[in-house]
Amino acid sequence: MTTTVDEAIRSRRSIRRFLNKPVDKATVAELLELASRSPSGTNAQPWKVYALAGKEKAALSEAILNEYNQGRKEGRAFDYYPEEWVDPWLSRRRKMGVSLYELIGIPKGDKERMHEQTGRNYLFFDAPVGLVMTMDKRLGRGMFLDYGIFIGHLILAARARGLDTCVQNAFADYPDTARRHLGIDDGELVVGGIALGYADPDAPENKLETEREPVEGFTDFRGF
């Protein structure tokens, strides 16, 4: 199954429950090869990917989930979210969280179920393939921009083939556990993870559709 770029962009969403349907190595390799055509400053290509399935994926998930359930965080090497949320970003964040919890029936204040739902990140939301992404620490932080383009190409190539994804910065909170299980060098910064597979069409959490600011809200047109 293939689709147009516009269709892939508009149909993409973050999937939080996947079917127990395998994705073969050749397909994963094809997606990564396409993503590797992404532009990067001086063609540095800062991305490195650990593609996991089966027992390898399960072992990493079990180890990180154990740390998470024990209330331990190892600390990421970079800031992803702001120290203090303010509007309009705070309102968007809250609306998304409330909408997701309403869909899956988690009432306000139910910390136990919120904790459990967040922990599903480390199971890659049951996806058959989990990708852990790293970048050499010696590279400039500006190359996170290149990495973002790489991830964007990857998830759209997946969507064009009927596959779905969820980009997960949560894995950056457990770099030490990831290093131990995957043999990641100390010189590599754990950027995050991606769940890859086929969306469960009956899962209520997969019905979440987030709103987007209209173009006029974030663009200052001049000279047209």
Examine distances only and state if a side-chain atom of [X] and a backbone atom of [Y] form a donor-acceptor pair shorter than 3.5 Å.
| X | Y | result |
| --- | --- | --- |
| Thr27 | Val23 | no |
| Asp164 | Arg12 | no |
| Tyr50 | Ile184 | no |
| Asp24 | Ala26 | yes |
| Thr177 | Tyr174 | no |
| Ser61 | Lys57 | yes |
| Asn121 | Thr118 | yes |
| Arg113 | Gln117 | no |

Tell me, yes or no, whether the heavy-atom count around [X] atom [atom1], taken from other residues, nucleotides or ligands under 6.0 Å, exceeds 12.
| X | atom1 | answer |
| --- | --- | --- |
| Arg37 | CZ | no |
| Asp87 | CG | yes |
| Lys137 | NZ | yes |
| Trp85 | CH2 | yes |

Examine [X] and [Y] and state if one hydrophobic cluster contains both, with Ile, Leu, Val, Met, Phe, Trp and Tyr joined whenever side-chain heavy atoms are less than 4.5 Å apart.
| X | Y | value |
| --- | --- | --- |
| Tyr198 | Leu52 | no |
| Phe18 | Val167 | no |
| Val129 | Val132 | no |
| Val86 | Tyr80 | yes |
| Leu19 | Ile15 | no |

Please find the pair of heavy atoms, one from [X] and one from [Y], that lie closest to each other, and give the distance.
| X | Y | result |
| --- | --- | --- |
| Gly140 | Met135 | O-CE, 4.2 Å |
| Gly197 | Pro128 | CA-CD, 3.8 Å |
| Glu74 | Pro175 | OE1-N, 3.2 Å |
| Phe125 | Cys166 | CE1-SG, 3.8 Å |
| Ala127 | Ala195 | CB-CB, 3.8 Å |

One thing to verify: whether [Y] and [X] come together as a salt bridge, which I'm taking to mean a side-chain N less than 4.0 angstrom from a carboxylate O.
| X | Y | answer |
| --- | --- | --- |
| Glu188 | Arg179 | no |
| Lys48 | Asp136 | no |
| Lys73 | Glu67 | no |

Trace of the side chain to side chain contact (heavy atoms under 4.5 Å, CB included) decision for Asn169 with Tyr81: CA-CA 10 Å; Asn169 73 84; Tyr81 295 117; 3.1 Å; yes
[atom2] on [Y] to [atom1] on [X], rounded to 0.5 Å:
| X | Y | atom1 | atom2 | result |
| --- | --- | --- | --- | --- |
| Lys55 | Glu62 | NZ | CD | 13.0 Å |
| Thr42 | Asp146 | OG1 | CG | 8.0 Å |
| Thr210 | Arg92 | OG1 | CZ | 11.0 Å |
| Lys25 | Glu30 | NZ | CD | 14.5 Å |
| Leu163 | Lys21 | CG | NZ | 8.5 Å |
| Ser36 | Leu31 | OG | CG | 11.0 Å |

Tell me, do [X] and [Y] make a side-chain contact under 4.5 Å, heavy atoms counted?
| X | Y | answer |
| --- | --- | --- |
| His115 | Asn69 | yes |
| Ile194 | Gln168 | no |
| Arg141 | Leu189 | yes |

Pair Ser40-Met143, side chain to side chain contact (heavy atoms under 4.5 Å, CB included): steps then yes or no: CA-CA 8 Å; Ser40 66; Met143 287 193 172; over 6 Å; no
Check residues 150-158 and write down every donor-acceptor pair under 3.5 Å in which the side-chain atom is one partner and the other belongs to a residue at least two apart or another chain.
from	atom 1	to	atom 2	distance (Å)
His153	ND1	Ile149	O	2.9

Residue from Arg17, Arg13, Arg16 passing salt bridge (charged side-chain N to carboxylate O under 4.0 Å, His left out) with Glu205: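 The single option meeting the salt bridge (charged side-chain N to carboxylate O under 4.0 Å, His left out) with Glu205 is Arg17.
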Does the cation-pi check pass for Arg76 over Phe78, that is, NZ or CZ under 6.0 Å from the six-membered ring centre and within 45° of its axis?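 Judged by the rule, Arg76 and Phe78 form a cation-pi pair.
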Report the C-alpha distance between Val28 and Leu196 in whole Å, list the side-chain angles of each, state the deciding distance to 0.1 Å, and finish with yes or no for side chain to side chain contact (heavy atoms under 4.5 Å, CB included). CA-CA 9 Å; Val28 177; Leu196 171 68; 4.1 Å; yes
Determine whether the aromatic ring centres of Phe221 and Phe224 lie less than 6.0 Å apart.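 Yes.
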Distance-only donor-acceptor hits, side chain of residues 93-109, under 3.5 Å, sequence neighbours excluded:
from	atom 1	to	atom 2	distance (Å)
Lys95	NZ	Glu211	OE1	3.1
Lys95	NZ	Glu211	OE2	2.9
Ser99	OG	Lys95	O	2.8

Using the six-membered ring wherever Trp is involved, compare the ring planes of Phe171 and Tyr122 and label them parallel, tilted or perpendicular (cut-offs 30° and 60°).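 Judged by the thresholds at 30° and 60°, the geometry between Phe171 and Tyr122 is perpendicular.
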Does the side chain of Thr165 pick up a donor-acceptor pair with the side chain of Arg159 at under 3.5 Å?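 Their side chains do not contain a donor-acceptor pair, so the 3.5 Å distance test is not met.
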Show which residues join Leu145 in its hydrophobic cluster (side-chain heavy-atom contacts under 4.5 Å, direct or indirect), or state none.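 Reading the cluster by chain and number, Leu145 sits alone, since nothing else belongs.
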Please evaluate residues Arg161 and Leu34 with respect to the criterion side chain to side chain contact (heavy atoms under 4.5 Å, CB included), reporting the C-alpha separation (whole Å), side-chain torsions for both, the decisive distance (0.1 Å), and the verdict. CA-CA 12 Å; Arg161 286 155 179 76; Leu34 285 167; 3.3 Å; yes
